[in-house]
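Here is the structure we will look at, set down as structure tokens.
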Amino acid sequence: MKHVIVGTAGHIDHGKSALVLALTGTDPDRWEEEKRRGITIDLGFAHLDLAEDLRIGFIDVPGHERFVKNMLAGVGGIDIVLLVVAADESIKPQTREHFDICRLLGIHQGLIVLTKADLVEREMLDLVRLEVQDFVAGSFLEGAPILAASARSGAGLEELKSELHRLSIALPAKPTDLPLRLPIDRSFVMKGFGAVVTGTLIAGTVEKEAEVEIFPLGRRVRVRGIEVYNASADRATAGQRTALNLAGVEAKQITRGMVLAAPGLFQPTGRLDCTMNLLPSARPLRNRAPVHFHCGTAEMLAEVWLLDGKELPAGATGFVQLRLAEPGLFVPGDRFIVRQFSPVTTIGGGRVLDSQPPKHRSGEATTLEFLRVLEREEPEARLELLVQQVGEATAAALAARTGWKPAEVLRVARFLESQTRVVLLGQTSDLVVHRQHFEQLAKRVVECLEKFHATNPLISGLPKEELRFKLGAGGTAICVPTPTLLNALLHALAAQGKVNLQGETVRLGGRQMQLSSEEINARDQISAAFEKAGLAAPTANEVLTNLQIDRARAEKLLRILLKENVLHRVTEDLIFHQSALQGLRQILARRKAQNTRLSVADFKELTGLTRKYAIPLLEYLDRERLTRREGDERVIL
Ligand SMILES: Nc1nc2c(ncn2[C@@H]2O[C@H](COP(=O)(O)OP(=O)(O)O)[C@@H](O)[C@H]2O)c(=O)[nH]1
Ligand SMILES: [Mg+2]
């Protein structure tokens, strides 16, 4: 069954509610106060089956200027607008405002009904028809049917139904495989059931027992029951008026403007980069102007940061960043309306381009370029840009940022991969990494490993976690990658032979473990010999000739120990173990506590060393700026 949402629009008392009642048999003015005062205050709902497989859900909106904000909460989900104009009054202020809103929201189907046709003569009706034709010229309603009708006599209603039928059939079916989003327009307690919320399901599907997330609360709740048009159902799909009975939350915690969505996918946001159109009737908008922001069923204060220029002239379109007073769930493609802070009138509207933007400085060329690409709505360019901005992202995260289906994200990502713009990594190839980012990271991995092997020739490889943090260190522009990304990257590099993976250890490809066990023994002997001798170090020659291995290999091992800073060469023929030098620093520190001056004799006495060692070590200490020579003495620094 096809579901289509039709919304009314038009000035107060022009017969919108009466028309919905005449068409459906349901009075959309459901409140006692509405009935008593004879005006619509809040949204009203009714439905009508126009064919066996076609159901129309009506959203009746209030026409009163004080309740435009309620009108805005309903108009977001509609497919077709019924612009209602009373034949005896013609176009009035809220006819204009509601019509502006429909245009700004990008509604592109509708028809015009001249109601109360029973109250006017033929000539009057023709005159109003001409006025209306003129009014909608150049808009999406240009050329749309203008039907005369009367809720009182029933005249014109059949024709209206058949026009609605014709328009509905022509509407494309709504995709049901997008992530679920349901902007909430009502929340109340139903005796014996608990919390019930209602709304127009704008994307995806929801099933009984499903877990959903309430934004911006971040709460996960269970869907206990579903009603679609007042009949119990197992699932609801995009385009349907839906009521959900929720378990695990109280009705009073939920308000109009919150959104029910697929769990764990979206981020609430307080900033939106948008393209925004200012109505010709509005005053020019200055930077950081406060406005009322309406999107979906949400309404909040926002500040408009102009991204290009100091002022947005009336009638112009520009890029803006909206800073919202409260976070909410919005995704690219969402349409919104802004109303002047005071007096409250509709001044413009637009489309969200980026729902997770950073703060910008005005006039930044890169920002404007970025937004121009997002605005063009070419999926390939958009996705590449979003990936480039963050370096890497999962298909699910990209679906949340774009509002696309995950399958669509992957399709576009695969195309980009075929153009060598991105690389797809991970077990299910759903980690999208921008090519530049991938190459930068791969280069860093090789650099880090080369450096590591050069300074640690005796260690077979670097643990992955250490590598991960090293990648982001050392003044590079690269952030520490996630473990998932690094793993995927290393596997890709291993497949190219650039690295070798052994459990948690990584080493450069083609690099062999350097030492035999014989060499390792010899290395340990060299180190131990110097360590044991302390400051009274042996000569290299003495140590090396005592070894079991040949001289050339022994010298290589000595070089490695020096490179690894296990040993230090203090003069051409004096080598010390680093622990001996460490000990010397401690001796010096203790001496400094008593006396900061030191003669050669003092030093010999302190260390028990002969002149042969004392002089080079003192000179070493001078070089290390631990002491300073003054005449025959030294000052401990
Ligand atoms: N004569 C006549 N009166 C109508 C017609 N439609 C509505 N009305 C009256 O106009 C008034 C306002 O109608 P309503 O549907 O509440 O207007 P809304 O504010 O646009 O929803 C009510 O008193 C209705 O009875 C119509 O087709 N003919
Ligand atoms: Mg009404």
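Ligands are counted one by one from 1 in listed order, and the atoms in each one are counted from 1 as well.
Looking at ligand 1, you'll find an N or O of His14 within less than 3.5 Å of one of its N or O atoms. Residue contacts with ligand 1: Ala149 is placed with no nitrogen or oxygen under 3.5 Å of a nitrogen or oxygen of the ligand (distance criterion only). Considering backbone and side-chain atoms alike, Ala117 places every N or O at 3.5 Å or more from each N or O of ligand 1. Distances between N or O atoms of Ala18 and those of ligand 1 include at least one value under 3.5 Å. Taking only nitrogen or oxygen atoms, main chain and side chain alike, Asp13 reaches within less than 3.5 Å of ligand 1.
Ring-plane geometry between Phe215 and Phe266 is classed as perpendicular, the angle between the planes exceeding 60 degrees on a 0 to 90 degree scale with a lower cut at 30.
Distance screen at 4.0 Å: atom 18 (P) of ligand 1 has a protein heavy-atom neighbour inside the cut-off.
Using a cut-off of 2.8 Å, one finds that Thr8 contributes no N/O/S atom close to the Mg ion (ligand 2).
Arg96 and Gln94 share no side-chain donor-acceptor pair at under 3.5 Å.
A donor-acceptor pair under 3.5 Å links the side-chain atoms of Glu34 to the main chain of Arg30, judged by distance alone.
In this structure, the ring of Phe330 has its center less than 6.0 angstrom from the ring center of Phe293.
No more than 12 heavy atoms of other residues, nucleotides or ligands sit less than 6.0 Å from atom CZ of Phe193.
Among all protein heavy atoms, the one lying closest to atom 13 (O) of ligand 1 is Gly15 CA, 3.7 Å.
Phe370 does not carry Arg372 over the face of its six-membered ring by the limits of under 6.0 Å from the centre and within 45° of the normal.
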